[in-house]
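Beneath this line is the structure, given in structure tokens, with notes to follow.
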Amino acid sequence: MKNQWITFFGGKIHVKVEGKGVERLINQLTRSHLTIWNVKRQGTTAITFFMRLQDLHKLRHQSRKYDCKISFLNGQGAPFLWKRVLKNSGFFTGFLLFFIVITILSNIIWGIQIKGASPQLEHQIRKELDKLGIYIGKLQFFVDDVETIQRKLEDRIPELTWIGVELNGTTFHFQVVEKTIPEPPEKKSPQDLVATKKAVIVDTFVENGQQMVKINQYVKKGQLLVSGTIGNEHNEKQVAAIGKIYGKTWYKSTVEMPLESDFQVYTGKEKRKYSLNFGSVKVPLWGFGKIEYKEYDSEKEPHKINFIKWSLPVKYEETTVREKENVKRKYSEKQAIDAAKEKARNDLKSKIPTDAKVVDEYVLHEKVENGKVNLSIYFQVIENIAIEKPIIQGDIE
């Protein structure tokens, strides 16, 4: 038989024919185009051969015309194998259920260990873990990966300097580094406070040292604001000048804003797909069918599947497909000017200190050209302009 695979899936039987009309039966089967092979004589009145299972009824029909006894020695192929499987289905079902139960138990969180944290901080971490859905008895498939867990904990708990997250089998291990209370500042060497840029003084706060400027006074970059030399010429000493000198400073920003622009946004529609990945082979579990979105982004989140302490060569993968669309934004001239101003303000915030305050703004130049709005804006900002400058022995004040 040339095609062994077809024979295997269709099934074959080993037949023994006995009697006086054996040769005539074989000839009749051949004339009837019934496929037989491996024909062997067994003594003078018996012959054995193989035939396809699907031709069994043809053999019975032909055998009625001849004085022969037909017996079936054995069957081979998928149908007979499946019959044996069904016969032993209890054993295979038990084994399959055992494998499934052990696999599920191997992918449940059974332990959470936190090291390096005080009792108060450990309690706080466990509360946040509960909010993140990480607790004993939860399936690992439905929790975030360790990098995401680490980032969320560091964002939510200010007392953490760093936290290491590791998933070892069925146990989460957390290694904590707490923020320490800063030590008292070291005693500073004698120093002055000088201006970092030109400004008009609007407010002062001097802890230590001799203030050298007044409110509404204009100062230049490098000018002395607070002197670390105090006392008089008969009793002079040098200290570390400490304080804040707030001045009104100026920033210039040039921005452009197109009247028309194209960009992509998410529509809010999404679809989730779940699958088991065996290497490069993906077996869908849920979320069948083609993606109907014209344009979309896909985000895949794979999860390892464990069996006791081993990682199986299969992964459970969750894929989130989000629809996106192209949007053409059109501004009127006034809207474009407002958007350009907002962009300039945001750019300014990235340049000035966090405690600085923008008090005024002036549009110096405004022009619409080639489909764009060009703006030059002047900002007035109140910020601390004082910077430390060590006093070197021999300096002349």
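In terms of heavy-atom proximity, Phe288 sits nearest to Leu285 at CZ-O, 3.5 Å. In terms of heavy atoms, Val219 sits closest to Ala195 at CG2-CB, 4.3 Å. Contact record, Val359 with Val381: CG2-N, 4.3 Å, taken as the closest heavy-atom pair. In this structure, Gly10 and Pro79 approach most closely via the heavy-atom pair O-CG, 3.5 Å. Listed here is the closest heavy atom pair of Lys324 and Gln264: NZ-OE1, 3.2 Å. Contact detail for Gln140 and Gly169: the closest heavy-atom pair is NE2-O, 3.1 Å.
With respect to Asp338 and Lys334, a salt bridge is recorded, a charged nitrogen being found less than 4.0 Å from a carboxylate O. By the 4.0 Å N-to-carboxylate-O rule, Arg126 lies close enough to Glu122 to be salt-bridged with it. Between Glu154 and Arg151 there is no salt bridge, since no side-chain nitrogen of the basic residue lies less than 4.0 Å from a carboxylate oxygen of the acidic one.
In this structure, Phe141 is a member of the same hydrophobic cluster as Tyr274, with clusters built from ILVMFWY side-chain heavy atoms closer than 4.5 Å. Hydrophobic clustering keeps Ile245 apart from Val202 (ILVMFWY residues linked when any side-chain heavy atoms are closer than 4.5 Å, directly or through intermediates). The same ILVMFWY cluster, assembled from side-chain heavy atoms under 4.5 Å apart, contains both Phe98 and Ile100. In this structure, Ile352 is a member of the same hydrophobic cluster as Phe379, with clusters built from ILVMFWY side-chain heavy atoms closer than 4.5 Å. No continuous path of hydrophobic side-chain contacts links Val200 to Tyr246 [ILVMFWY only; heavy atoms under 4.5 Å].
When the shell of 6.0 Å around NZ of Lys198 is examined, it contains 12 or fewer heavy atoms from other residues, nucleotides or ligands. Under a cut-off of 6.0 angstrom, the local environment of NZ in Lys197 is crowded, with over 12 non-hydrogen atoms contributed by other residues, nucleotides or ligands. No more than 12 heavy atoms of other residues, nucleotides or ligands shown are found within 6.0 angstrom of CZ on Phe95.
Looking at Thr196, its side chain does come within 3.5 Å of a backbone N or O of Ile385 through a donor-acceptor pair. Judged by distance alone, with hydrogens and angles left aside, the side-chain atoms of Asn208 form no donor-acceptor pair with the main-chain N or O of Ile242 at under 3.5 Å. A donor-acceptor pair under 3.5 Å is absent between the side-chain atoms of Gln150 and the main chain of Trp162, judged by distance alone.
Side chain to side chain, Asn168 and Thr171 fail the donor-acceptor criterion of an N or O pair below 3.5 Å. A side-chain N or O of Glu383 and one of Thr249 form a donor-acceptor pair less than 3.5 Å apart. A side-chain donor from one of Glu295 and Asn326 sits under 3.5 Å from a side-chain acceptor of the other.
For the pair Val22 and Arg41, the minimum side-chain heavy-atom distance is 4.5 Å or more.
Partner Ser227 forms a side-chain contact (heavy atoms from CB on, under 4.5 Å) with one of Gln211, Gln191, Met212 and no other, that one being Met212. The side-chain contact (heavy atoms from CB on, under 4.5 Å) with Thr48 is formed by just one residue from the set Val17, Val39, Leu73, Asn38; it is Leu73.
Atom CD1 of Ile382 is separated from atom CD1 of Ile201 by 11.0 Å, given to the nearest 0.5 angstrom. If you take CG on Leu153 and CD1 on Ile134, they are separated by 6.5 Å, rounding to the nearest 0.5 Å. Here CD1 of Ile163 is found 6.5 Å from CD1 of Ile157. Values are rounded to the nearest 0.5 Å. Taken to the nearest 0.5 Å, the CZ atom of Arg52 stands 7.5 Å off from the CG atom of Leu34. Remark: Asp192 CG to Leu225 CG distance equals 9.5 Å, nearest 0.5 Å. To the nearest 0.5 Å, the span separating CD on Glu333 from CE on Met257 amounts to 14.0 Å.
Counting only residues at least two apart or in different chains, salt bridge (charged side-chain N to carboxylate O under 4.0 Å, His left out) contacts with residues 269-280 comprise Glu270-Arg272, Glu270-Arg322, Arg272-Glu318. The salt bridge (charged side-chain N to carboxylate O under 4.0 Å, His left out) contacts involving residues 234-257 comprise Glu256-Lys372, where partners must be two or more places apart or lie in separate chains.
The aromatic rings of Phe50 and His14 lie parallel to each other, their planes meeting at an angle below 30°, with 60° marking the opposite boundary.
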